[in-house]
Each structure stands twice: as C-alpha cells, then as structure tokens.
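In what follows, chains carry the letters A, B, and so on, assigned in the order in which the sequence lines appear, proteins first and then strands, with residues in each chain numbered from 1. Being a predicted model, the structure only gives us computed values, none of them experimental.
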Amino acid sequence: MIEIVPRETTRPLLTALIPVIAALAALALAAIPLLAAGAPLLQAYKQMFLGVFGSFFTFTEMLTRATPLIFTGLAAAIAFRAKLWNIGGEGQLYLGALAAVWIGTGMIDGPPALMIPLVLLAGAIAGGLGMLGPAILKLRFGADEVVTSLLLNFIILIFVQMMLEGPFKDPMGLGWPQSEPIIDAAILPGLFERMRLHAGFLLAIGTALITWIITALTVWGLKARAVGENAAAARHAGIGVTRLMLIVAFASGALAGLAGVSEVAGLKGYLTSDLSPGFGYAGIVVAMLARLSPIGVVLAAIYVASVFVGADSMSRAMGVSSFLADLTVSLSLICVLLGGFFAQFRLRFRGAQTP
Amino acid sequence: MIDILQIFLSESFWAASLRIASPLIFGVLGALLCERSGVLNLGIEGIFVVGAMTGWMAVWLGAGLWGGVLAAALAGALFGLLHAILTVPFGLSQHVSGLGITLFATSVASFTYRTALPDVTSPPRIEPFRAMDIPILSDLPFLGPVLFQQTPMTVLALVLVLVVWWVMDRSALGVAIKAVGDNPDAVNAQGLSVVGLRMGAVVAGSALMALGGAFLTMSAFDAFFFGMVNGRGWICIALVIFASWQPGKALLGALLFGMFDALQVRLQTEAGSFIPGQVFLMIPYILSIVALVIAARRADYPRALLTPWRKGQR
C-alpha cells in the first residue's frame, strides 16, 4: 500500500528551488528521447548548451526568443493568480500583432516617439478585448472561460489568415499572404549591431517589473489575489469581484497582445499567420514554472527560450527532431507540478500485512 | 432556399454529418466519463493527437486496422493514467495538469513521428477502414448510405454510446461513478474506493478520446499530419457541457455539430464566390462557443468536478 501523508515540516529553501529542480529534471529526462533517436548523449547536451551560450550572438538569439514568452508568461500568471483561466494567449498575441500592423503600416505616420507607443497601445487594447470577451461570457452566462478562450485561438487565427488574404494583404508580397511591412518609425529598434535582439526585450523586462510592483505592492494586486483564493470571501469583504475580474482579464489579454506587437514590430517587420510557434501556450508553462511570480516569469522564459534555441541548434547539427524542445518544455511543466506536490506531501510505503 | 432544402434531403449530407460527428462522439463520451467522476480532462486535445499518431503508426508497422484501434486506445489510456495520478491521488490542479498532458502528449506524438520518419516529404499512407457493404442493409434506400455504408469505426462509436449509456444509467458501476463525481465522501463511507473509481474513469475516458483521434487517421483520412486534430478535443469539452453529461445528448450534440459542419462545406461551394472561405472555417468554433453559452446557465455540473479528494480530509 502507498499512503500519501502531509509533511510535518516544509523546507522553504527546497520549496523555492522546486522550479529549478523541475527544469533540471526535465532536461535529464530529455535523455530518453535523445537515446531513442540514437543521438550520442554528451555531444547532444553539449551542442544544446553551445547553441545558447556558445557566443554572444547565440545568447542574444535566446533573449530574442524569450521576449514574447515573458509577455505571454505574464499574461498567464496574472490571470491564473485570480483563478481566471486565460488559455487564449495565442489568439490574443495574434490580435495584438494584427492591431500593430493595422496602425503601423501607413494608416498613421509620425515620429517614432509617437508611432511606437501607438502600436504598443493598439496591440495591448486588441489583446485585452480578446480576453474581455470570454470573461464577459463567463460572468454573464457562466460559460467556462477555458473552453471559450481556447476556441477563440482557432477563430482568431483563421480571422488573421482571412485578413492577410484580404484587406491586409501586401500587394508587393508576390502573392504570399502577408501584411505590408511596418513603417520604419513604428519599428522597435535593435539593441546591437547585426543582432536580432530588439527593444521589445527591455520592454518585456520593464513590464515584468511593473507587473511585479502592481501585484505585490498595490491594493489592486492584493485584491486580485484575494479573489483568486476565495471569491466568495472576497465579495463578502466588499471587493467588487466582477469589476476586478474584468480588469484582470483585460490586463492579461493586453500582455499577450504586447507579445504580438513585440514580435511583429521588433522581429519580423510584417505579419504572417505563422508569427507564433505556440508562444501563447508556452506562456502557460512559463507562468507555472515561475509559480505565477512576475519576476520568476523572466527567469522561466529564459529557461524555456534556452531549451528551444539550444534544441534547435542541436537538431540542426545532429539531425534529432526539434520537437525535442516541445517535449522538454512540457516535461518541465509536469515536473514542476510533481515538485509542488512532493514539497507538501510524501509517500509512505507500507507492507500489506500492517492494518 | 431551395438549395438548402435540397441539401437536407440528400443522403450524402446525412452520411457526411454522421462521419464528421464520429470522432467527436468518441471524444465527448470520453470527456463525459472523466467529468462524471469529478475530473476535468483537458489532456483531450493531446490524447486525440496521440491516438491519431499511434493508430496510424501501428497499422503502418503492420498491426492491422483493429490492432491500430487497440494501440491507440492503450496509448490514450497511458496518458490518461498520468493525468489520473496527478489529479486524483496527488490532487493537483486539473486545469494545469490537463494542459500539461495536452502539451506532453502532442510533443511525444510529434517527436515519435518525426524520429521514425525523418526524411518523408509527403506523409506515408495506410489502407484505412473502408465503407461497409452489408447485404440488404447497405442497399436500403436512404438509411443504407447514411447508416450502413459508414466505416466500422462509426458503428463502433454508435455502439459505444449505447455501452456508455448502459454503464452510466443502468449499472451499479455507473451509479458509483456518478456518485464519486457528486459526493465522494458518501462513496467513501460506503466502503468504495474514491481514488480507484476516479482513476478508472479517467483512464477509460482517455482511451475513448484516443479512439476519436484514431478515427481521423484510420477512417477519415489515411495518413498523419501535424495539426490535424485542430481543436476537435476542445470542441468535445464544450459539447459535453451542452450534452449535460448524458450519453444520449452527447450523441445528439455531436450529430448537430456534424450537421452544421457538413452544411458549411456545402454552403461554401454555393456561396464561396462572394464570402471568403475562412468565414466558413470559423463556424465550427463559433458554434461550439454558442452551444456552450446556451448550455452554461442551466448546466448541472457534477458537484465535485475540479475538487480533489483526500481520505480523511474534507
């Protein structure tokens, strides 16, 4: 018989280290698919490491990949804190990108000091509205926001494809379904010569800091957490739960929308329907690895981005499928869940003869 | 209007509706079983992918079509077991664990497929289930093409509706599963194992979900593509609420959905010249949201859904 018993003592240091242990465990478990694919293990791990830390360029590539993950991770973290299950980050990202392209491809012209805040604002509002919909359906009709926000991802992606083949299509795009390029004044500037890392990264770090200040130090943050922990008690204490949920939903969607702006105005320069390889979904893993802490999100996004960039490089060099990255990232989520459990409980094995 | 009437009168429309509904029937039944026991299984989307890939690969490796069905069910059960362990005895968040299972299962399937077939440009095809040809029955007017010229997996789906209905509404096991999803303490007081019942329901439900995926690669198409599941699992999660967790209504919901989908394909050929094709592609997802909104107000959720249960702790 296996029994689950609560631990008498919890070790705070160990608890704090759970995400790190989970991340390392997932990397170690990646050895199984690597062996199954017939790759020499040491060389594969070395290649993954060098793919990220091999040069300054590869390191900036990793930070470039981490940028949208910080935004989508923050989006999931603040929603999950309030027990609002926003799984629609992927769709909200595309809404943000679409709004940025709408404003930023010549509709308005101005200096960067005007254009950059404008595309960011447009993307944030579009993303925010994208999550406000499911939140209203939940509050008004009781429709589960998990399902509605998930299904919206598909609807929005099809909508983006429709726009890219219709009104948003670049007439100079040689027939490809892509938007016109964003005008120079609205482009987030690069940070280093001949590198792809752009100002979106600094913006992401700044946003994480602001989010941390709001969630940890302001009344808003405390109220949102109270609603997440016990909505009935929060309502009893006089917190406007409905209003707060709508604000959290809008803010969460807006953060995911910023990921889209950052990708389209910082990295790609124009919109295609394959802008995001699942950054919205990966943001959920980032948020969970960060244990919903905004500062943790930055670190977790750097870890997830390292896995993706490292595995890509290893994949090119050794012919192992790059799905290894997705496998490792999803394993980290399961490991961090297990870690959270074993920090609170332990298993007691008993012989069958004892009663 | 005449055109729409003609569509509704045609055999091929009803045959297509049932065909489109088939994978959803498996999925909704699976979700129903899990949720009735009190466990939300958001792993469904990934379990669909695993079922699709495993079923296809088993046949491709020479296991035979029914061998593929079995392999898919076993693979689904395995991921279901992982979700069951995380959510039932360990009592972790059903939302997060389910999403984790979807990401994990999808990447395992994709990695396995890519590793087994590193260089293929066009996906290898298998010989899928063929339409049945039953003497007399298949030749019946109207009913023949609609019901008896389907593939055997569609028949399996319909049979499973009966099986799940019988188990849930007519057997002692069903009473226990429903009780464990409503009031686990009462079940425990009767000396039944809450953990065992819930884990069993999640594992069996996940096996059913995987059959929905297997239908795609073994009946609807004849190959595995990345992204082929395309939200069908999530649609099932919406449909099970629409069906108020009842097998009969689950069948009805899946059929209605199949009808709308078959209709949009036909309308697309009629109206495709002046309405962009994507509008029609959005319809299934929009319909699912509409169905959810309509059903949500009167939805009678299993009362202990999402609530973990630990012995001696209330």
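The greatest number of non-hydrogen atom pairs below 4.5 Å with chain B, out of A:Leu152, A:Val147, A:Leu337, A:Thr148, is found for A:Leu337. Between chain B and the options A:Phe141, A:Phe341, A:Tyr281, the largest number of non-hydrogen pairs under 4.5 Å is found for A:Phe341. Options A:Leu347, A:Leu324, A:Ile284 differ in how many heavy-atom pairs under 4.5 Å they form with chain B, and the most are formed by A:Leu324.
With a 4.5 angstrom heavy-atom cutoff, A:Leu327 touches chain B via backbone and side-chain atoms both. Both the backbone and the side chain of B:Ile235 come within less than 4.5 Å of a heavy atom of chain A. Only the side chain of A:Ile4 comes within contact range of chain B, with at least one heavy atom under 4.5 Å from a heavy atom of that chain. Heavy atoms of A:Glu165 lying under 4.5 Å from chain B belong exclusively to its side chain. For A:Met288, the part lying near chain B is the side chain, with the backbone staying farther off; criterion is any non-hydrogen pair under 4.5 Å. There is no contact between B:Thr102 and chain A, counting heavy-atom distances below 4.5 Å. Using a 4.5 Å cut-off between heavy atoms, B:Pro118 makes no contact with chain A at all. No part of A:Ile156 comes within reach of chain B, as not one of its non-hydrogen atoms sits under 4.5 angstrom from that chain. In this structure, chain B has no heavy atom under 4.5 Å from any part of A:Asn153. When heavy atoms are compared at a cutoff of 4.5 Å, B:Ile85 does not approach chain A at all.
Considering only heavy atoms from C-beta on, A:Trp85 comes within 4.5 Å of B:Ser93 through its side chain. The closest side-chain heavy-atom distance from A:Asp326 to B:Ser110 is not below 4.5 Å. The shortest distance between side-chain heavy atoms of A:Leu150 and B:Ile237 does not fall below 4.5 Å. Looking at heavy atoms from C-beta onward, B:Leu103 lies out of side-chain contact with A:Val329 at the 4.5 angstrom threshold. Proximity of B:Phe280 to A:Ile158: side-chain heavy atoms (C-beta onward) are nowhere separated by under 4.5 Å. The shortest distance between side-chain heavy atoms of A:Gln344 and B:Phe90 does not fall below 4.5 Å. Considering only heavy atoms from C-beta on, A:Phe159 stays 4.5 Å or farther from B:Gln278 through its side chain.
Minimum interatomic distance between B:Thr115 and A:Ser321 (heavy atoms only, all atoms of both residues): OG1-CB, 4.4 Å. Across every non-hydrogen atom of B:Gly100 and A:Leu333, the tightest pair is CA-CD2, 3.4 Å.
A:Phe323 pairs in a ring pair (Phe, Tyr, Trp, His ring centres under 6.0 Å) with only one of the listed residues (B:Phe111, B:Phe226, B:Tyr113), which is B:Phe226.
A donor-acceptor contact shorter than 3.5 Å links the side chain of B:Arg297 to the backbone of A:Arg140.
Heavy-atom neighbours of chain A within the stretch residues 283-296 of chain B, taken at a separation under 4.5 angstrom, comprise B:Tyr285, B:Ile286, B:Ser288, B:Ile289, B:Leu292, B:Val293, B:Ala296.
In this structure, A:Tyr45 places its OH atom where more than 12 heavy-atom neighbours from other residues, nucleotides or ligands lie under 6.0 Å away.
Note that the NE2 atom of B:His95 and the CZ atom of A:Phe80 stand 9.0 Å from one another [nearest 0.5 Å]. Within the model, atoms CE of B:Met282 and CG of A:Leu151 stand 13.5 Å from one another, a figure rounded to the nearest 0.5 Å. If you take CG on B:Leu99 and OG on A:Ser330, they are separated by 12.0 Å, rounding to the nearest 0.5 Å.
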